[in-house]
There are 2 protein chains.
Amino acid sequence: MLEVAKKVALTRPAVRTDADLTGSTPPLGKPTMATIRDVARAAAVSTATVSRVLNGTARVSDETRRRVSEAAKRLDYWPNGSARSLIHSRTQTLGVLLPDIFGEFFSEVIRGIDKAVRDAGLQVLLSSSHSSAEGLLSAAKAMAGRVDGFILMAPDLEAESAVDRIRKRFPLVLLNPRTQTPGTVSVSIANYEGAFAAVSHLIRLGHKRIAIVAGPMGNADSDERLRGYRAALVAHDIEPDERLVLTGAFTEVSGYEAGSRILRLRPAPTAVFAANDGMAIGLISRLSEGGVRVPDDVGVMGFDDIPTARYLAPPLSTVRTDAYELGACAVSGLLDVLGAEGEVLDLRWVMPWDLVIRRSCGALHGPRGSLTTTTPETTSEPAQSRGPILQREEESC
Amino acid sequence: MLEVAKKVALTRPAVRTDADLTGSTPPLGKPTMATIRDVARAAAVSTATVSRVLNGTARVSDETRRRVSEAAKRLDYWPNGSARSLIHSRTQTLGVLLPDIFGEFFSEVIRGIDKAVRDAGLQVLLSSSHSSAEGLLSAAKAMAGRVDGFILMAPDLEAESAVDRIRKRFPLVLLNPRTQTPGTVSVSIANYEGAFAAVSHLIRLGHKRIAIVAGPMGNADSDERLRGYRAALVAHDIEPDERLVLTGAFTEVSGYEAGSRILRLRPAPTAVFAANDGMAIGLISRLSEGGVRVPDDVGVMGFDDIPTARYLAPPLSTVRTDAYELGACAVSGLLDVLGAEGEVLDLRWVMPWDLVIRRSCGALHGPRGSLTTTTPETTSEPAQSRGPILQREEESC
DNA sequence: CTCGAGCATGAAAACGTTTGCACGCCACCC
DNA sequence: GGGTGGCGTGCAAACGTTTTCATGCTCGAG
C-alpha cells in the first residue's frame, strides 16, 4: 500500500483555469526581438560600430557611443548568444554529464559547479542519467557546438568507451574516473582510502564482524569503496566473509532493504559500513524498526557526509568528502584545461577527506591516531552563528 | 570548533601529479573538428546534400546517401549546435533559473526537469542563486539566443521586476509565482492549503500552542505557508501569538538554531510546524539534544516530504508535494507554450498535495476526515520490491 | 520526337554576430 | 602646402548550418 497514492496518482493539474487567447495584447514572445542591425539603423551607424560600443572593443567617439547606447537601451537589445558562439568558437558554456542526480551528494556537486561557473561568468548545460555508452554519447553530441568542454562523471563500466570518444573531441575533466588516462585531468574522491579508514575505525572500536552495504556492481565508486572495505579487514587480520557483502543502489530505499537482509544475518554483524549516507539513512531506519539499536547493538558508518548526516538520530559517523568542492574543483580544472592553449594537461586531483566521528558508530571519543574526532557536543552544535553548511561556501577551491 | 576544519581547509589538490606537455600526441582538442563542408568535400557533394542526408529532410539517391554517410562517419562529424540554433531560431534548450539549489527539494525539482527535458529531446541551461533583480536579469540576458524559453522560480520579492522583463521577451513558465499575472502559465505548490492542513491536523490532535519555523521573510513560499499557519489557527479559534513565529532560512542549520530558540520559549509550545523538511530535520535534532522528545513532548510537522523524511527518527509527518513532478510539469507547461504558436496561454496549475502522517506529529492514526493517514507499518514499509522513490519516476505529468 | 513531370543536386542567401581591412578626415610637423 | 599619422567609421567576410530556388537530367506519355 502506497502512502499517498490516491491524490498523487492524477498528477496532471488539479486546478486548471482555462486557456484563452487574448486577441488584444500583441502575441507575446512572438515579436522577434531587436537585432544588432535594428540598433545600427536606429542609431544611424553600422553594425560594426554597435558591436564596438557594446563590447568596448575599440575606440568610438563620445557622440556615437551615446547614440548607440541610447538606441540599444530603447530597443531593449539583447545580443544573440548563438551568433556570438558561432563567430568566436567559444560558447562560454560548460557541459555537465552526470550518471544521476538523485540525492544530496549530486545536489551538492551541482551546487558547487553552478557556483564556480557563475563566478567565472560562464554557464552550465546539464544532463544526467547516463549509464550507457550510447546515452552518454548522444548527449555529448547534442551539446557539440554549444559547450567549450565537459565535466564528466561516468562511474559505470559500460560507459567507458563513450568517455574515450568524448575525450578526443573536447577539453574534459573527469569526476572519479575509473582509471587514470594519460593526458587527462580528473578530480576524485578518495573512495578507497575513505572506506579503508572508516572500516579500520570500526575495527579499532573492537568490531570483528562488519558488514557492508555496497553500491551497484560495476560502479566505479562502489567498487573502490568495497575494495577499501576488504583491504581494511585483511590489514587487520580479519577474514572477509562474502555473506556480509550486500548490494544496494546508493538510494535510501536500497539501504532500507539491505537493512532487512542484515536483520536476518546469523550470526549478526556488530557493525555495518554503508557505501554512502543515503543508504545509511535507510539502513538505520530499518534496523531501528527491527528493534536493533544504533549504535548500541550495531555500529553504522556512512560515506559522503551529506548535509543532513549530522542531524540524524543518531548523528551519522561518516567519511567526509566535500561534494560541493568536488564540483567547484572540477570547474576550476576545466578552466585550466581551456586556458592551456593546446598543451596537454595531465592532472589528477584527489579531494581531501576526513573521518567524521559522530554517534552512529558507537565511539563517544575517537581512538588514538590522526583521525579527527569530535565529542558529542561539538558534533551537533553548529559553530558560532552560522553552521558548517554555510561556511563551506566560503572555502575556495 | 568546527569538526573537520583541519584537513579540509586546504581545499586545493592534496595529491597532484605533475603536468607534462607531451609533444608526441597532436595537441588534443585543438585540431578543429570536421565541419559540414569537410564532409561535403570528402563525399564530393554540396553541403546542402550532406545536410539533407544527415537530417533525412529530402530525398537523396541511395548512392550519394551512402557516400555521405560514410564520409560523415569517417570524419566523425558532429554538427555544430550553435549554427543550427542560429538558422532555426530554435535552440532546443530550456533555460532554468532558480533562486537556490540547496537541499533535496531543489534537487528533486531539477531531477524532474532533467528527466522531462531529456524525454522531449531537449537540453537544460541551468543557473541558480538569483535573488536580486539584476542577478536574474543578467543571467537571462546571458542565455538570450541560447534558450527557447525559461522555467523561472523567483520567490524573492525584489526579483519581481526582473520577472516582468523576462516575460516580455520569452516564453515562460513560472514556478510558485507570487501573483498570477494574466497571460502566463505557472505551476505551483499549494503552499497555503498545505500549511493550513498541516496546522489543522496538529490542532485536531489537541495542540493549542503551536509554533512555526517559517522561511525567510519576503520569500513567497514562506509567506504563503505562514499565512496558512495563521489562518488555520484563526479558523480553530486560536489566537495567533507572534512570539511563536520564528524565522529560518529553509536550511537544516536554521532549523537547528530555531530549535534553540524554541527550547527557551515559556510557556513551551506543544507542537511546531516547520515550513520545510530541511528545517524540521535540524529542529528535531536540536530538540532531542535539549532533552525534548519528539513526538512525546512536542509534535513536529514539516513541508515537502523530501525523500529522507520517512527515514528520520521519528519518521517525519509532513505535507507531501512532489518536487520531481513540479519540475516535470513545468517542462510540460513550457512545451505547451512553445507549441502554442503565438497564442497567449493563461494557465495555472497547482500540484496535488497530501498530508503524510508519520510519527513526528504524535498521531499513530490520523484523525477522521479526508486526510490520507497511514499506520506506522505502511508508513515505513516500502511497497513491494521497489520503494515509492523509484515508483515516482513512472508517474507521468 | 517533343514536351512536361519529377527527381536529384548545387548555388547562394540567410541566421546575428565580430573583425580585418580600407577609407576619409583632421591635425600636425617639416 | 603636401606628406604623415592617428582616429573614427563602414564594408564585407566569416563562423557552420539550413533552405529556397534554379538547374539539369531521366523517363514516360502523347
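- To the nearest angstrom, C1' of dT18(D) lies 12 Å from CG of Leu54(B).
- Ile87(A) places its CD1 atom 11 Å from the C1' atom of dG20(C), with the value rounded to the nearest Å.
- Residues from residues 56-74 of chain B with heavy atoms under 4.0 angstrom of DNA chain D: there are none.
- Note: CZ (Arg146(B)) to C1' (dG16(C)) measures 13 Å, nearest angstrom.
- Between Leu86(A) atom CG and dA13(D) atom C1' the separation is 13 Å, expressed in whole Å.
- Positionally, the nearest nucleotide of DNA chain C for Ala44(B) lies more toward the 5' end than for the other of Ala48(A) and Ala44(B).
- Listed here is the closest heavy atom pair of Val50(A) and Ala40(A): CG2-CA, 3.6 Å.
- Contact annotation: Asn80(B) does not reach the phosphate of dC15(D) (side-chain N/O to OP1 or OP2, under 4.0 Å).
- Taking the six-membered ring for Trp and thresholds of 30 and 60 degrees, Phe150(B) and Phe170(B) have ring planes more than 60 degrees apart, a perpendicular arrangement.
- Using a 4.0 Å cut-off between charged side-chain N and carboxylate O, Arg66(B) and Glu70(B) make no salt bridge.
- Here the side chain of Asp114(B) pairs a donor or acceptor atom with the backbone of Ser128(A) at under 3.5 angstrom.
- Using a 3.5 Å distance cut-off with no hydrogens or angles, the side chains of Arg146(B) and Ser85(B) do not pair a donor with an acceptor.
- Of the possible polar contacts, one joining the Ser82(A) side chain to the Gly145(B) backbone as a donor-acceptor pair under 3.5 Å is found.
- Listed pair Arg84(B) / dT18(D) meets the phosphate criterion, a side-chain N or O lying under 4.0 Å from OP1 or OP2.
- Checking Arg52(B) against Arg37(B), the closest nucleotide of DNA chain D that is more toward the 5' end is the one next to Arg37(B).
- The shortest distance between the side-chain N/O atoms of Thr49(A) and the OP1/OP2 oxygens of dG10(D) is below 4.0 Å.
- Applying the 4.0 Å criterion to OP1 and OP2 of dT19(C), one finds that His88(A) has a side-chain N or O inside that range.
- Remark: side-chain polar atoms of Asp148(A) are paired, donor with acceptor, to backbone N or O of Gln92(A) under 3.5 angstrom.
- Nucleotide dC11(D) holds its P atom 14 Å from the CD1 atom of Ile36(A), rounded to whole Å.
- Considering only side-chain atoms of Thr35(A), the nucleotide from dT17(D), dT18(C), dG16(C) that sits closest is dG16(C).
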